[in-house]
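Chain letters run A, B, ... following the sequence lines, proteins first and then strands; every chain starts at 1.
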Amino acid sequence: MALFCLRDNRPACLFFCFAIVSAAIKSGYRPRGRSPFSAEPIIMRLTRYFLPILRETPKEAEIVSHRLMLRAGMIRQEAAGIYAWLPLGFKVLQNVTRIVREEMDRAGAVELLMPTLQLADLWRESGRYDAYGPEMLRIKDRHERELLYGPTNEEMITEIFRASVRSYRDLPKILYHIQWKFRDEQRPRFGVMRGREFLMKDAYSFDVDEAAARLSYNRMFVAYLRIFGRMGLKAIPMRAETGPIGGDLSHEFIVLAATGESGVYCNADVRDLPIPGIDVDYDSDLTPIIREWTTLYAATEDVHDEARFHAETPAEKRLQTRGIEVGQVFYFGDKYTRPMKAPITGPDGSERPAQCGSYGVGVSRLVGALIEANHDDAGIIWPEEVAPFRVGIANLKVGDAASDAASMQIYHALEKAKIDVLYDDRDERPGGKFATLDMIGLPYQVIVGPKGLAGGTVEVKTRATGARENLSVEAAIAKLTA
RNA sequence: CGGGGUAUAGCGCAGCCUGGUAGCGCGAUAGUUUUGGGAACUAUAGGUCGCAGGUUCGAAUCCUGCUGCCCCGACCA
């Protein structure tokens with residue numbers, strides 16, 4: 001390879017560019033805007049796209065999200081719990097990533113990117129290298145140095161933090177990244193819901209004392225309400241185990257779904273609480289919002305207290321169901337900053353370990369959770385914010401002059417309006433096109449065919465409601481670009 | 001990590017018990033007829049039968065070992 005590169009640097013250059021791009025994509029990196037590396041929308045003809053639809057259900061897929069992700073050509077399994085994200089799935093993953101990033105930034109968190117591989121010695125400092133067990137994937141490099149594929153990043157962020165921050169004047173800080181993690185689960189299952197490799201947003205807060213740490217915790221708590229709310233999910237914060245630290249500063253955010261992995265108990269009214277608006281002031285006192293969301297009973301089975309549930313919740317409001325954990329917020333104090341020696345000088349001149357919390361969102365898992373929460377017998381029903389395309393155009397008779405012209409007119413109008421659109425220009429039978437569009441779940445479908453056009457109309461179907469309207473081409477464009 | 005399965009064409013499966021030219025449906029390709037909710041007919045292509053040993057004249061089939069994958073449980077974002 002080295003010789004080859006010396007002779008002709010072009011392949012080396014190509015390889016180099018490819019490596020950067022793939023690393024950036026894999027890390028979930030995405031500049032601001034609706035699409036990677038540009039602000040342009042994705043306008044795509046299905047004949048040029050890569051959408052490997054499966055007509056039959058793969059036998060290994062047990063739950064609906066896994067089944068639909070495979071059938072809709074969103075993912076392909078490469079090993080147990082390890083998936084390739086195909087174009088349609090990757091677009092959804094990017095959209096979820098974008099929302100997480102926007103809301104973290106809005107809440108005052110600062111993004112960085114830590115590596116997937118970490119030195120074992122770093123984990124020996126916290127004592128977790130030996131404590132972690134076989135879920136940690138351990139690797140040796142050519143020099144026999146011990147490495148691991150990170151399952152989380154508390155040690156590394158603490159190392160980064162201690163290298164440069166010494167004074168309370170530099171606090172508070174909330175740092176986050178969105179990076180692939182690996183946990184060698186004994187039994188991966190449910191597709192991306194419990195894979196071994198998974199994309200996670202993890203944030204870490206550093207504060208001078210517990211009172212300040214609580215403010216950081218509240219910021220993340222509110223940011224999480226917004227993240228999940230924007231995706232159209234009812235994610236309910238539930239008291240979780242706090243471990244050795246104790247206190248009340250740990251919540252799991254749970255999406256209610258009958259197929260969820262854990263049992264949950266809550267007051268039914270918690271589902272109808274309002275999501276903080278885009279104008280929420282993160283510098284203001286957030287405790288009223290926290291109080292509103294933590295007063296009604298809501299707990300996973302691990303910490304459920306039946307007597308308390310009954311005491312606090314009227315019988316007709318008691319909801320027992322199942323849920324999927326999509327995020328967690330957790331205050332753990334000086335668990336890492338003390339053994340790893342990350343001291344802060346306080347206003348009184350004395351040193352003390354920084355007080356920390358960590359805040360995770362299972363980004364790749366969220367894609368599965370979104371489908372669990374939004375589907376019907378025909379397939380996926382994407383919430384608009386995360387949909388891979390906003391509109392699908394089905395040309396029912398490719399080759400028919402009027403159908404082709406009307407389809408292209410709509411296609412170009414949506415392109416001009418910067419709306420993501422997928423144009424099904426395949427020479428296929430109508431039934432197949434309807435089934436495909438329903439399954440991949442784009443919010444709006446435009447059905448273009450000779451029968452409608454004879455009367456001057458196309459059909460606009462809203463996937464979520466099934467509602468259909470016969471509109472002129474112009475009216476359809478107006479509706480979809482509104 | 002315990003228990004139970006399974007591996008044959010892109011997907012779903014039969015064949016294995018009782019060894020003898022590797023099959024079916026869907027999908028793919030080509031043609032014809034079709035065409036508003038997954039069409040019909042005809043033809044074609046596509047396989048180291050998970051891997052490695054062994055038994056045998058001959059192994060997808062019997063034996064041994066290994067590996068991948070799936071399900072139940074425990075565990076976990």
Side-chain angles (χ1 to χ4, degrees), chain A residues 52-63 66-67 70-71 73 76-82 100 132-136 150-153 178-203 224 235 238 240-241 250-255 260-262 300 302 323-330 358-369 377-379 394-400 403 424 426-439 445-455 457-459 461 466 468 470:
Chain A
I53 298 282
L54 302 178
R55 264 181 87 153
E56 293 181 58
T57 302
K59 66 172 178 178
E60 72 271 15
E62 285 289 303
I63 64 168
H66 190 193
R67 213 157 52 223
L70 290 168
R71 287 200 58 208
R76 178 171 174 80
Q77 179 169 319
E78 295 299 336
I82 299 178
V100 170
Y132 214 93
E135 279 193 352
M136 179 185 281
T152 179
N153 287 69
I178 300 171
Q179 177 62 293
W180 292 89
K181 307 282 193 294
F182 194 91
R183 289 181 197 168
D184 200 357
E185 297 285 348
Q186 294 153 356
R187 194 187 156 206
R189 58 181 133 174
F190 304 148
V192 299
M193 297 265 289
R194 191 176 169 193
R196 292 194 291 171
E197 188 184 47
F198 56 98
L199 187 62
M200 184 172 174
K201 187 283 299 179
D202 39 326
Y224 277 32
M238 301 198 176
E241 303 216 40
S250 179
H251 289 88
E252 294 178 345
F253 285 74
I254 305 278
V255 172
E261 75 248 294
S262 43
T300 62
D302 299 339
I324 302 163
E325 185 186 344
V326 290
Q328 54 89 23
V329 290
F330 188 54
S358 72
Y359 314 90
V361 171
V363 175
S364 48
R365 150 175 279 223
L366 260 173
V367 177
D377 289 345
N395 181 348
L396 297 188
K397 189 156 186 162
V398 172
D400 174 76
S403 298
D424 188 348
R426 297 172 304 165
D427 187 13
E428 286 286 327
R429 301 171 60 79
K433 298 199 173 197
F434 294 136
T436 296
L437 276 178
D438 282 349
M439 183 167 68
Q445 302 172 8
V446 187
I447 314 296
V448 181
K451 288 192 183 172
L453 290 173
T457 64
V458 296
E459 183 179 294
K461 175 177 166 183
R468 302 155 186 231
N470 289 311

Task: Identified pairing partner of G37(B), criterion: Watson-Crick or G-U wobble below 3.5 Å - done: none

Open item on the list: Suppose we define a pair by two distances each less than 3.5 Å, Watson-Crick or G-U wobble; what does G73(B) pair with here?
Closed with: C1(B)

Open item on the list: So Gly195(A), base contact, sugar-phosphate only, or nothing? Heavy-atom distance under 4.0 Å.
Closed with: base

Open item on the list: I'd like the P distance from C49(B) over to U8(B), given in whole Å.
Closed with: 11 Å

Open item on the list: So Arg71(A), base contact, sugar-phosphate only, or nothing? Heavy-atom distance under 4.0 Å.
Closed with: base

Task: Side-chain ion pair, Glu185(A) and Arg194(A), N-O less than 4.0 Å - done: yes

Task: Interatomic distance at P, U29(B) relative to G46(B), whole Å - done: 16 Å

Task: Closest-nucleotide ordering on RNA chain B, the 5'-leading residue of Arg187(A) and Val448(A) - done: Val448(A)

Task: Euclidean distance for C1', A28(B) against A9(B) (whole angstrom) - done: 11 Å

TODO: State the pairing partner of C66(B); accept Watson-Crick or G-U wobble contacts with both distances under 3.5 Å, and report none otherwise.
DONE: G50(B)

TODO: Answer with base, sugar-phosphate or nothing: what part of the nucleic acid does Glu62(A) contact at a heavy-atom distance below 4.0 Å?
DONE: sugar-phosphate

Task: Euclidean distance for C1', A43(B) against G54(B) (whole angstrom) - done: 44 Å

Task: Sugar-phosphate only, base, or nothing, as touched by Gly360(A) at under 4.0 Å among non-hydrogen atoms - done: nothing

Open item on the list: Is any side-chain heavy atom of Ile254(A) closer than 4.5 Å to one of Glu325(A)?
Closed with: yes

Open item on the list: Without decimals, in angstroms, what is the distance between Asn153(A) CG and A77(B) P?
Closed with: 15 Å

TODO: Identify the nucleotide, in any strand shown, that forms a Watson-Crick or G-U wobble pair with C57(B), with both distances under 3.5 Å; if there is none, say none.
DONE: G20(B)

TODO: May I ask you to say what Glu428(A) touches in the nucleic acid, namely base, sugar-phosphate or nothing, with a heavy-atom cut-off under 4.0 Å?
DONE: nothing

- [ ] For Gly452(A), report the nucleic acid contact type (base, sugar-phosphate, nothing); a contact means any heavy atom under 4.0 Å.
- [x] base

- [ ] Assign Ala435(A) to base, sugar-phosphate, or nothing according to its heavy-atom contacts below 4.0 angstrom with the strands shown.
- [x] base

Open item on the list: Need one value for Leu54(A): base, sugar-phosphate or nothing, where a base atom within 4.0 Å counts as base even if backbone is also close, heavy atoms only.
Closed with: nothing

- [ ] Report yes if the ring of Phe198(A) lies under 5.5 Å from the six-membered base ring of A77(B) with planes under 30°, and no otherwise.
- [x] yes

Open item on the list: C76(B), OP1 or OP2 - any side-chain N/O from Arg183(A) closer than 4.0 Å?
Closed with: no

Open item on the list: Taking only the P atom of each, what is the distance from A45(B) to G68(B) in whole angstrom?
Closed with: 36 Å

- [ ] Rounded to whole angstrom, note down the P distance from U21(B) over to C26(B).
- [x] 26 Å

TODO: Scan Lys451(A) against the nucleic acid and name what it touches under 4.0 Å (heavy atoms): base, sugar-phosphate only, or nothing.
DONE: base

Open item on the list: Once rounded to the nearest 0.5 Å, what's the spacing between atom CE of Met439(A) and atom CG of Asp377(A)?
Closed with: 13.5 Å

Open item on the list: Base, sugar-phosphate or nothing for Gly362(A)? Non-hydrogen atoms, less than 4.0 Å.
Closed with: nothing

Task: First encountered from the 5' end of RNA chain B, between Thr57(A) and Arg189(A) - done: Thr57(A)

TODO: Please check if any side-chain donor atom of Asp202(A) sits under 3.5 Å from a side-chain acceptor atom of Gln179(A), or the reverse.
DONE: no

Open item on the list: Under 4.0 Å, counting only non-hydrogen atoms across every strand here, what does Pro450(A) touch: a base, just sugar-phosphate, or nothing?
Closed with: base

Task: Salt-bridge criterion met for Arg468(A) and Glu459(A) (N-O under 4.0 Å) - done: yes

Task: Test item: Phe182(A) and Ile82(A) side chains (from C-beta on) under 4.5 Å apart, heavy atoms - done: yes

- [ ] Pick the P atom in G47(B) and in G3(B), then give their distance to the nearest Å.
- [x] 39 Å

Task: Pairing partner (Watson-Crick or G-U wobble, both distances under 3.5 angstrom) of G25(B) - done: C11(B)

Open item on the list: Say we look at U48(B) and G10(B): how far apart would their P atoms be, to the nearest angstrom?
Closed with: 8 Å

Task: Check: Lys433(A) side chain, Ile447(A) main-chain N or O, donor-acceptor pair, under 3.5 Å - done: no

Open item on the list: Once you apply a heavy-atom cut-off of 4.0 Å, does Lys201(A) come out as touching a base, just sugar-phosphate, or nothing?
Closed with: nothing

Open item on the list: Once you apply a heavy-atom cut-off of 4.0 Å, does Glu325(A) come out as touching a base, just sugar-phosphate, or nothing?
Closed with: sugar-phosphate

Task: Separation of A77(B) C1' from Tyr359(A) OH (nearest whole Å) - done: 17 Å

Open item on the list: What's Gln328(A) touching, base or sugar-phosphate or nothing? Going by heavy atoms closer than 4.0 Å.
Closed with: nothing

Open item on the list: Both distances below 3.5 Å, Watson-Crick or wobble geometry, any strand: find the nucleotide opposite A30(B).
Closed with: U42(B)

Open item on the list: Is there a side-chain contact between Arg55(A) and the phosphate of G27(B), meaning an N or O under 4.0 Å from OP1 or OP2?
Closed with: yes

Task: Heavy-atom pair of closest approach, residues Pro188(A) and Gly81(A) - done: CB-CA, 3.7 Å

